[in-house]
Structure formats: structure tokens, C-alpha cells
Amino acid sequence: MTAAVPPGGFSAPKGVPEYVGPEFTSVRDTLVREADRAGYAHIELPVFEDTALYARGVGESTDVVSKEMYSFDDRGGRSVTLRPEGTAGVVRSVIEHGLDRGGLPVKLRYTGPFFRYERPQAGRFRQLQQVGVEAIGVDDPALDAEVLAVADAGFRALGLRRYRLEITSLGDATTRPQYRQELTRFLEKLDLDEATRERARINPLRVLDDKRPEVREQLTDAPLMIDHLSDEAAAHHAAVKRHLDDLGVAYVENPWMVRGLDYYTKTTFEFVHDGLGSQSGIGGGGRYDGLMAELGGQDLSGVGFGLGVDRALLACRVEEAGLDTASRVEVFGVPLGDAAKDRLVGIIGALRHAGIRADLAYGGRGLKGAMKAADRSGARFALVLGERDLEAGEIQLKDLTDGSQQAIALDGAAAAVDRALEDS
RNA sequence: GUGGGUGUAGCUCAGUUGGCAGAGCACUGGGUUGUGAUCCCAGGUGUCGCGGGUUCAAGUCCCGUCACUCACCCCA
């Protein structure tokens with residue numbers, strides 16, 4: 001039995017965006033470039049991992065693990081999961097290959113697709129694209145600030161302005177348990193619906209960033225982690241803010257902020273954009289003290305971020321920031337007749353060998369149609385070749401920005417075009 | 001996973017109490033086999049999301065389903 005074409009034709013899987021043209025890669029590469037400038041090395045990671053890696057690394061009680069993972073058994077009976085986030089995979093790789101046995105910190109960056117089974121909406125996808133960095137092995141607030149500055153520089157480089165950086169500290173293992181108890185006692189006294197009470201039971205911190213006004217109202221007097229930091233965590237937090245000031249990175253403190261992944265400690269942050277609707281986070285991350293040890297490695301801490309490429313692109317559109325609209329080609333060939341086309345195919349090939357992006361009108365279109373195609377290609381120059389030019393040993397080089405045209409020798413035409421592009 | 005809104009041409013959308021499917025843009029060709037982004041003419045623009053029901057008759061009413069979208073939730 002062969003599968004039938006579904007009514008209406010095949011479509012991409014639900015919640016999976018597709019990008020045509022230079023915009024997506026332009027946004028992604030701009031974000032990556034800032035990480036490269038700060039010395040983060042690329043790491044190419046598997047798109048799926050042992051399911052247990054995420055269960056243990058991200059946390060069983062998180063929504064990401066408990067109801068959003070794409071998990072399946074492979075043909076060998078192993079349970080594998082399409083990666084829902086990047087940090088666990090990086091840490092696993094660092095441990096597995098002993099990358100933490102050399103100089104510290106280990107600074108790595110990655111990019112690619114991640115997968116979460118969620119209900120899609122504007123800015124929320126089942127296949128999402130992230131750029132991330134991780135700096136592992138050194139617990140230095142200056143490193144937290146560097147990570148934040150790299151993310152901020154990426155968004156600035158895109159031309160984004162209408163976002164803010166929110167930061168807080170989630171404390172460390174010495175004081176968080178007792179804070180958690182205090183918060184739980186506070187929440188028990190509130191008038192909350194059943195779903196929220198359940199959330200409070202699983203992870204009381206999560207209740208703090210509830211968006212509903214009637215809930216927020218009750219939370220104004222809630223105890224906050226930021227007021228219950230250990231001396232060390234408080235000093236760390238103060239140092240991060242000091243470094244951010246020195247780096248010229250603007251931020252606001254948001255002590256109600258919570259992260260959905262269990263591994264975060266101390267510094268946590270989120271980049272929030274106001275023009276995207278309810279999915280407003282364009283990036284987020286923080287420090288994770290216990291994750292390396294949790295996954296079987298040395299007891300080293302790390303800090304990192306994940307930036308949403310899809311959402312950054314949406315933000316660029318909202319702000320009408322300078323998205324890359326670079327033309328596909330610089331030169332476009334317009335042949336008149338078969339003999340001219342034979343010759344032009346070779347010339348276009350020579351241009352490409354010389355490193356010039358070039359295309360030509362295929363399909364035997366008329367002159368008008370071919371010129372139209374040249375216009376649409378975004379090329380700076382058109383190369384028009386007909387019988388008359390062939391006899392004269394010439395080819396017409398037309399500047400499409402002002403319409404001017406000059407005849408150049410057919411022999412060595414590629415070199416002449418190269419010069420014309422350099423002069424323009 | 002829960003609740004609301006919307007599905008008509010490639011895109012943006014009209015479509016009357018149920019009565020012959022439309023506009024603009026884009027696309028292709030021609031006006032001009034030697035010149036594009038202007039103008040003129042012509043032309044595909046279509047399972048009206050899909051399936052079923054009511055009716056002489058459904059884009060229009062009803063049910064289901066799928067997709068998109070907004071909010072909750074969650075997060076990038």
C-alpha cells in the first residue's frame with residue numbers, strides 16, 4: 001500500500017515554521033557572531049539524546065519534561081528524546097569527552113532546532129530554533145555578566161531596542177529549601193484555584209510569575225527569594241550587577257521571575273520584548289551550580305543562555321529592524337537567441353568561478369521577460385548578449401540602478417565585470 | 001491540555017434574506033524577438049480548508065474534523 005496524498009496536499013508538521021531567503025540565517029548568524037567574539041567555540045550536538053538525560057538534567061517535575069517531550073523508542077528499544085533544550089546535551093558532552101579536564105571555563109556555543117510538544121501560537125513552535133552558549137567550570141560573577149553581555153550585544157546588533165533584560169537571583173542550595181518552605185506556607189493561606197494549588201505543590205516558585213491580576217494581587221506580600229539569599233549568593237548577585245554596569249548593559253531586577261527548568265541557581269535572567277504578544281521571551285538563561293554533578297561529572301558550576309531565533313526574527317519584523325535583504329546575485333545574464341545563450345552560460349560560469357554571484361534567464365524567455373527577471377533578481381548589472389554583439393565580439397553591460405549601458409569586449413568579460421562591481 | 005475567534009485566487013481581502021464566484025497586488029504572454037522597476041491589452045488565477053447533513057438550490061444554514069490565530073498554561 002502506498003500512502004495517499006492527503007486532501008489539500010502535504011503540509012509541514014504542526015507548529016513547524018519554515019524560512020525562505022536570507023532573513024533567518026541572517027538573524028541566527030548575527031546572534032552567533034557575538035558569541036564567537038567572546039571566544040565561545042562551536043559544538044555540534046546530537047538532535048536526540050537518551051530520554052533519561054533530560055529527565056534527570058532538566059527535572060522530572062518541569063512541564064518541559066513531564067508533558068512536552070518528543071520521546072520514542074528506537075528500533076533497538078532505547079528511549080530517546082528530541083532535544084527540548086541545549087544545556088543538558090552540552091553538559092553531557094563536556095563530561096563524556098572530559099572537556100572539563102583542560103583549561104576552565106569551557107566556553108561553548110551551539111545553534112539548531114529544539115523540540116517541544118506544545119500548542120502552537122504566535123512565537124511558540126514545536127520546532128524552535130535557538131542560539132545558545134555555556135561557560136562551564138568557573139563560578140565567577142564576571143562570567144555571568146559576560147554571558148548576559150553577549151546576548152545583549154546580539155540583540156543590539158540585530159537593531160532591536162524595544163526589549164529589556166530582567167534579572168534576579170534564585171539563590172543556592174544553602175538557603176533555597178527554607179525559603180521554599182516559607183513560600184509554601186504563604187501560598188497555603190491564599191485563595192487559589194485547584195490548578196494553581198497543584199502548581200504550588202509541585203513548584204511553589206512557579207506561582208510567583210502568574211499573569212492573572214487577581215492572583216498577582218494576592219502575591220504582593222509574598223516572600224521573595226531575593227530577600228533570602230545566602231551571604232555568598234547575595235555577594236555574587238551584587239557583583240553581577242556591578243559588572244553589568246561596567247559593561248554598559250541595562251537591566252531591571254524582577255524578583256518574581258521564575259525559570260521553568262530546575263537546574264538554575266543564583267543568576268537567572270530573561271530578555272523580554274514587548275511587541276510579540278504573550279510569548280514575549282526572546283532569550284533566557286542563568287547559572288546552574290549542581291547540573292554537572294547531577295549528570296555524573298565533576299561538581300562544577302556553569303552559566304549560559306538560550307536565545308530564540310524565531311522570536312528574535314519576529315521582533316525584528318515588529319521593530320522594522322534591519323533584516324538582511326541582500327540580493328541573491330550581483331550579475332544577471334540576458335541572452336537573445338540560442339547562440340548567445342550558449343556563450344552566456346560559459347560567461348556566467350566564469351563569473352561564479354571568480355567568486356561573483358551570478359544567474360541568468362533560463363527557459364528561452366523573451367527579452368522583456370528576461371530583463372524583468374534580471375530586475376527581480378536584485379542584480380546590480382545585467383549582461384545582455386545578442387547576435388549583433390556576438391558578431392562585434394562585444395557584450396552589453398547594463399547598470400540596472402541607472403539604466404546606463406556600455407559595450408565591453410567578450411574576451412575577458414568576466415574580469416571587466418569584476419572591475420565594474422568593485423568600482424560601484 | 002483548557003477556552004474564544006477565523007478559514008474564499010500565490011498574497012491582502014469583498015461576497016446582500018441561501019440564487020451564475022469577484023477586486024487589488026503578484027504571475028505569464030503581447031503592445032516593442034535589442035532592454036527591467038511606468039503605461040496599455042490579454043490570460044491560469046479557485047476541490048470557496050476537508051468530510052457529512054438540511055434544501056429545488058449552500059461560499060452563505062447545521063454537525064464533525066483539520067489548520068491558523070488570541071488568551072490561559074508554558075517557555076525561546
The criterion is ring-ring contact (aromatic ring centres under 6.0 Å, His included); which residues satisfy it with Tyr263(A), sequence neighbours excluded?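 Scan of Tyr263(A) (ring-ring contact (aromatic ring centres under 6.0 Å, His included), adjacent residues dropped) gives Tyr288(A).
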May I ask you to evaluate whether Arg199(A) reaches the phosphate of C74(B), defined as a side-chain N or O under 4.0 Å from OP1 or OP2?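 Yes, Arg199(A) has a side-chain N/O under 4.0 Å of OP1/OP2 on C74(B).
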Sorted by first residue and then second, give each salt bridge (Lys or Arg N to Asp or Glu O under 4.0 Å) pair with at least one member in [range]; sequence neighbours left out.
| range | answer |
| --- | --- |
| residues 402-424 of chain A | Arg343(A)-Asp411(A) |
| residues 386-396 of chain A | none |
| residues 119-144 of chain A | Glu118(A)-Arg124(A), Asp139(A)-Lys266(A), Asp139(A)-Arg287(A), Asp144(A)-Arg287(A) |

Select base, sugar-phosphate, or nothing to describe what Arg116(A) touches, counting heavy atoms under 4.0 Å on all strands.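 Base: the residue Arg116(A), judged by heavy atoms under 4.0 Å, touches a nucleobase.
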What nucleic acid atoms does Ile282(A) come within less than 4.0 Å of, heavy atoms only: base, sugar-phosphate, or nothing?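 Contact class for Ile282(A): sugar-phosphate only.
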Tabulate protein N/O versus nucleotide N/O from nucleotides 41-44 of chain B, keeping only pairs under 3.5 Å, one per line.
none

Under 3.5 Å between N/O atoms: give me all the protein pairs with nucleotides 34-39 of chain B, atom names plus distance.
{"unit_1": "G34(B)", "atom_1": "O6", "unit_2": "Arg388(A)", "atom_2": "N", "d": "2.9"}
{"unit_1": "G34(B)", "atom_1": "O6", "unit_2": "Asp389(A)", "atom_2": "N", "d": "3.4"}
{"unit_1": "G34(B)", "atom_1": "N1", "unit_2": "Asp389(A)", "atom_2": "OD1", "d": "3.4"}
{"unit_1": "G34(B)", "atom_1": "N1", "unit_2": "Asp389(A)", "atom_2": "OD2", "d": "2.6"}
{"unit_1": "G34(B)", "atom_1": "N2", "unit_2": "Asp389(A)", "atom_2": "OD2", "d": "3.3"}
{"unit_1": "U35(B)", "atom_1": "O2'", "unit_2": "Lys398(A)", "atom_2": "NZ", "d": "3.2"}
{"unit_1": "U35(B)", "atom_1": "O2", "unit_2": "Lys398(A)", "atom_2": "NZ", "d": "3.3"}
{"unit_1": "U35(B)", "atom_1": "N3", "unit_2": "Gln405(A)", "atom_2": "OE1", "d": "2.7"}
{"unit_1": "U35(B)", "atom_1": "N3", "unit_2": "Gln405(A)", "atom_2": "NE2", "d": "3.4"}
{"unit_1": "U35(B)", "atom_1": "O4", "unit_2": "Gln405(A)", "atom_2": "OE1", "d": "3.3"}
{"unit_1": "U35(B)", "atom_1": "O4", "unit_2": "Gln405(A)", "atom_2": "NE2", "d": "2.3"}
{"unit_1": "G36(B)", "atom_1": "O2'", "unit_2": "Asp375(A)", "atom_2": "OD2", "d": "3.3"}
{"unit_1": "G36(B)", "atom_1": "N7", "unit_2": "Lys398(A)", "atom_2": "NZ", "d": "3.4"}
{"unit_1": "G36(B)", "atom_1": "O6", "unit_2": "Gly403(A)", "atom_2": "N", "d": "3.4"}
{"unit_1": "G36(B)", "atom_1": "N1", "unit_2": "Leu400(A)", "atom_2": "O", "d": "2.6"}
{"unit_1": "G36(B)", "atom_1": "N2", "unit_2": "Asp375(A)", "atom_2": "OD1", "d": "3.0"}
{"unit_1": "G36(B)", "atom_1": "N2", "unit_2": "Leu400(A)", "atom_2": "O", "d": "2.6"}
{"unit_1": "G36(B)", "atom_1": "N3", "unit_2": "Asp375(A)", "atom_2": "OD1", "d": "3.3"}
{"unit_1": "A37(B)", "atom_1": "O4'", "unit_2": "Asp375(A)", "atom_2": "OD2", "d": "2.9"}

Contacts to RNA chain B from [range], heavy-atom cutoff under 4.0 Å, which residues?
| range | value |
| --- | --- |
| residues 26-48 of chain A | none |
| residues 143-162 of chain A | none |
| residues 247-254 of chain A | none |

Whole angstroms only, please: what is the CD-C1' distance between Glu198(A) and C73(B)?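 To the nearest whole Å, that distance equals 14 Å.
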For Met257(A) and A76(B), give me the distance from atom CE to atom C1', rounded to whole Å.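 From Met257(A) CE to A76(B) C1': 14 Å.
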What residues form a salt bridge (Lys or Arg N to Asp or Glu O under 4.0 Å) with Arg180(A), not counting sequence neighbours?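 Residues passing salt bridge (Lys or Arg N to Asp or Glu O under 4.0 Å) with Arg180(A): none at all.
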Which value, in whole Å, describes the distance between the C1' atoms of nucleotides C68(B) and G29(B)?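 Nearest-Å result for C68(B) against G29(B) at atom C1': 36 Å.
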Are Tyr163(A) and His273(A) close enough that their ring centers fall under 6.0 Å?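 No: the rings miss the under 6.0 Å criterion.
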Distance-only donor-acceptor check, side chains Glu34(A) and Tyr40(A), under 3.5 Å: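 No, no side-chain donor-acceptor contact under 3.5 Å.
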Using a 3.5 Å limit on both distances, find every run of at least three consecutive Watson-Crick or G-U pairs that involves RNA chain B.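 The stems are B:1-7 with B:66-72, B:10-13 with B:22-25, B:27-31 with B:39-43, B:49-53 with B:61-65.
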With the sugar-phosphate defined as primed atoms, P, OP1 and OP2, and the base as all remaining atoms, what B/S/- string results for nucleotides 64-72 of chain B, 5' to 3', for protein heavy atoms under 4.0 Å? ---SSBSBB
